[in-house]
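What you see is a predicted model; the values in this text were computed from it and never measured. Residues: numbered from 1 along the sequence shown.
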Amino acid sequence: MNKHQKPVLTGQRFKTRKRDEKEKFEPTVFRDTLVQGLNEAGDDLEAVAKFLDSTGSRLDYRRYADTLFDILVAGSMLAPGGTRIDDGDKTKMTNHCVFSAKEDHETIRNHAQVFNKLIRRYKYLEKAFEDAMKKLLLFLKAFTETEQTKLAMLSGILLGNGTLPPTILTSLFTDNLVKEGIAASFAVKLFKAWMAEKDANSVTSSLRKANLDKRLLELFPVNRQSVDHFAKYFTDAGLKERLSQECPIKEVVLYVKEEMKRNDLPETAVIGLLWTCIMNAVEWNKKEELVAEQALKHLKQYAPLLAVFSSQGQSELILLQKVQEYCYDNIHFMKAFQKIVVLFYKADVLSEEAILKWYKEAHVAKGKSVFLDQMKKFVEWLQNAEEESESEGEDN
């Protein structure tokens with residue numbers, strides 16, 4: 001025997017089982033397989049979820065995660081910037097995706113379930129999905145307004161059920177999205193969808209953990225980064241929800257105070273917003289003779305709420321100006337202005353000092369001759385009452 005002969009390894013050679021082998025696909029082949037499967041499943045989202053579940057064993061989801069999520073959301077592979085690579089070839093695209101879905105919360109929530117099931121089944125996709133959504137948010141400019149809305153709703157729902165972390169929102173702080181107002185508009189829709197899944201406190205807590213709660217003002221263009229704008233956009237969603245559900249006044253007061261504290265909002269920024277939300281919470285009668293009665297009944301209910309947030313003279317004047325503008329912009333309310341002001345005076349929302357100051361110098365231009373004329377007799381009564389109390393004081 002040759003002593004230099006090399007040793008030979010003996011034993012069984014193991015074959016890789018067929019089901020463990022990933023098919024070696026190029027992105028385009030991956031795309032074609034995915035599009036075909038989605039088209040076959042059609043609008044049956046249960047069938048879509050099953051297809052994605054079973055196909056993950058032979059398609060390389062890990063390698064082509066970007067393509068996977070592009071197609072599930074936009075129906076096509078996306079080029080950098082968000083344009084569709086296959087826009088001219090309908091055979092390489094699918095209409096069974098989020099962007100082609102109906103624009104309502106329930107439909108988008110059903111699509112969100114597809115993503116939930118996919119991520120639960122293939123946990124390694126969690127981070128890839130987060131990265132894909134961050135990328136899609138950077139591409140917002142390339143999408144239509146309705147596509148942006150659907151993506152905002154999807155993001156809000158997935159934030160609500162914990163499939164996505166709040167850190168995806170960092171993409172919205174990109175300069176071009178902020179400057180063009182796209183970031184703020186998208187964020188409003190996203191928060192509305194998120195709040196439909198979770199209460200406001202839960203949303204606040206999630207933002208705080210991600211250190212985003214103090215940065216929301218940055219979503220607005222520099223020339224609109226005012227407290228008023230922020231308040232209008234973000235407090236609005238939670239306020240409307242509570243007013244439309246006719247929550248007890250105490251609960252609404254508590255909510256508004258928490259929002260003021262959390263966002264460092266002054267009372268003067270909140271009072272006008274409160275007025276707008278209260279007036280938007282009702283379907284108004286179209287008949288002028290009936291709307292005044294309806295308005296007084298509604299406002300009497302919410303006068304205690306307005307009284308809490310009109311403790312300063314400046315807040316009272318802002319409220320008076322808002323009422324004036326509203327009555328001018330909504331023609332059926334033109335004759336109701338004086339009645340609303342008198343109601344607020346009797347309910348201690350407005351002081352006589354504020355009303356007199358508004359009358360003399362602090363009114364706005366909209367319909368001023370009509371409203372000053374309406375207020376003339378009441379103002380005279382206030383002035384006489386003031387003079388009488390002064391003379392009584394002197395006599396004493």
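A pairwise comparison of heavy atoms in F309 and V253 identifies CZ-O, 3.8 Å as the closest pair.
Aromatic ring orientation, Y345 versus W381: perpendicular (interplanar angle above 60°, classes split at 30° and 60°). Aromatic ring orientation, H363 versus W358: perpendicular (interplanar angle above 60°, classes split at 30° and 60°).
Within the 3.5 Å criterion, the main-chain N or O of S171 finds no donor-acceptor partner in the side chain of K134. Not a single donor-acceptor pair under 3.5 Å links the side chain of E103 to the backbone N or O of T149. One N or O on the side chain of Q148 and one on the backbone of F143 form a donor-acceptor pair closer than 3.5 Å. A distance-only check finds no donor-acceptor pair linking the side chain of E126 to the backbone of I119 [under 3.5 Å]. Y61 places no side-chain N or O within 3.5 Å of a backbone atom of Y124 that could act as its donor or acceptor partner. Although no hydrogens or angles enter the test, the distance criterion places a donor-acceptor pair under 3.5 Å between the side chain of Y122 and the main chain of D53.
For the ring-ring contact (aromatic ring centres under 6.0 Å, His included) with F333, the lone residue among F371, Y328, W284 that qualifies is W284.
The number of heavy atoms from other shown groups lying within 6.0 Å of CD (E145) does not exceed 12. Atom NZ of K366 is surrounded by more than 12 heavy atoms from other residues, nucleotides or ligands within 6.0 Å. Around atom NZ of K117, more than 12 heavy atoms belonging to other residues, nucleotides or ligands sit under 6.0 Å away.
At a threshold of 4.5 Å between non-hydrogen side-chain atoms, the residues E283 and Q294 do not count as touching.
Ion pairing between a basic and an acidic side chain is recognised when a charged N comes within 4.0 Å of a carboxylate O; E353 and K357 show no such pairing. Salt bridge annotation for K135-D70: present, with a cationic side-chain nitrogen under 4.0 angstrom from a carboxylate oxygen. Salt bridge present: R109 and E106 bring a charged side-chain N and a carboxylate O closer than 4.0 Å.
Residues E40 and H96 have side chains that never bring a donor and an acceptor to within less than 3.5 angstrom of each other.
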Contacts table for residues 310-323: side-chain donor-acceptor under 3.5 angstrom, sequence neighbours left out:
{"from": "S310", "atom 1": "OG", "to": "L306", "atom 2": "O", "distance (Å)": "2.9"}
{"from": "S310", "atom 1": "OG", "to": "V349", "atom 2": "O", "distance (Å)": "3.1"}
{"from": "S311", "atom 1": "OG", "to": "E267", "atom 2": "OE1", "distance (Å)": "2.7"}
{"from": "S311", "atom 1": "OG", "to": "E267", "atom 2": "OE2", "distance (Å)": "3.4"}
{"from": "S315", "atom 1": "OG", "to": "E267", "atom 2": "OE2", "distance (Å)": "2.6"}
{"from": "E316", "atom 1": "OE1", "to": "S351", "atom 2": "N", "distance (Å)": "2.5"}
{"from": "E316", "atom 1": "OE1", "to": "S351", "atom 2": "OG", "distance (Å)": "2.9"}
{"from": "Q321", "atom 1": "NE2", "to": "A362", "atom 2": "O", "distance (Å)": "2.7"}

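How far CD of Q301 is from CG of L296: 13.0 Å, rounded to the nearest 0.5 Å.
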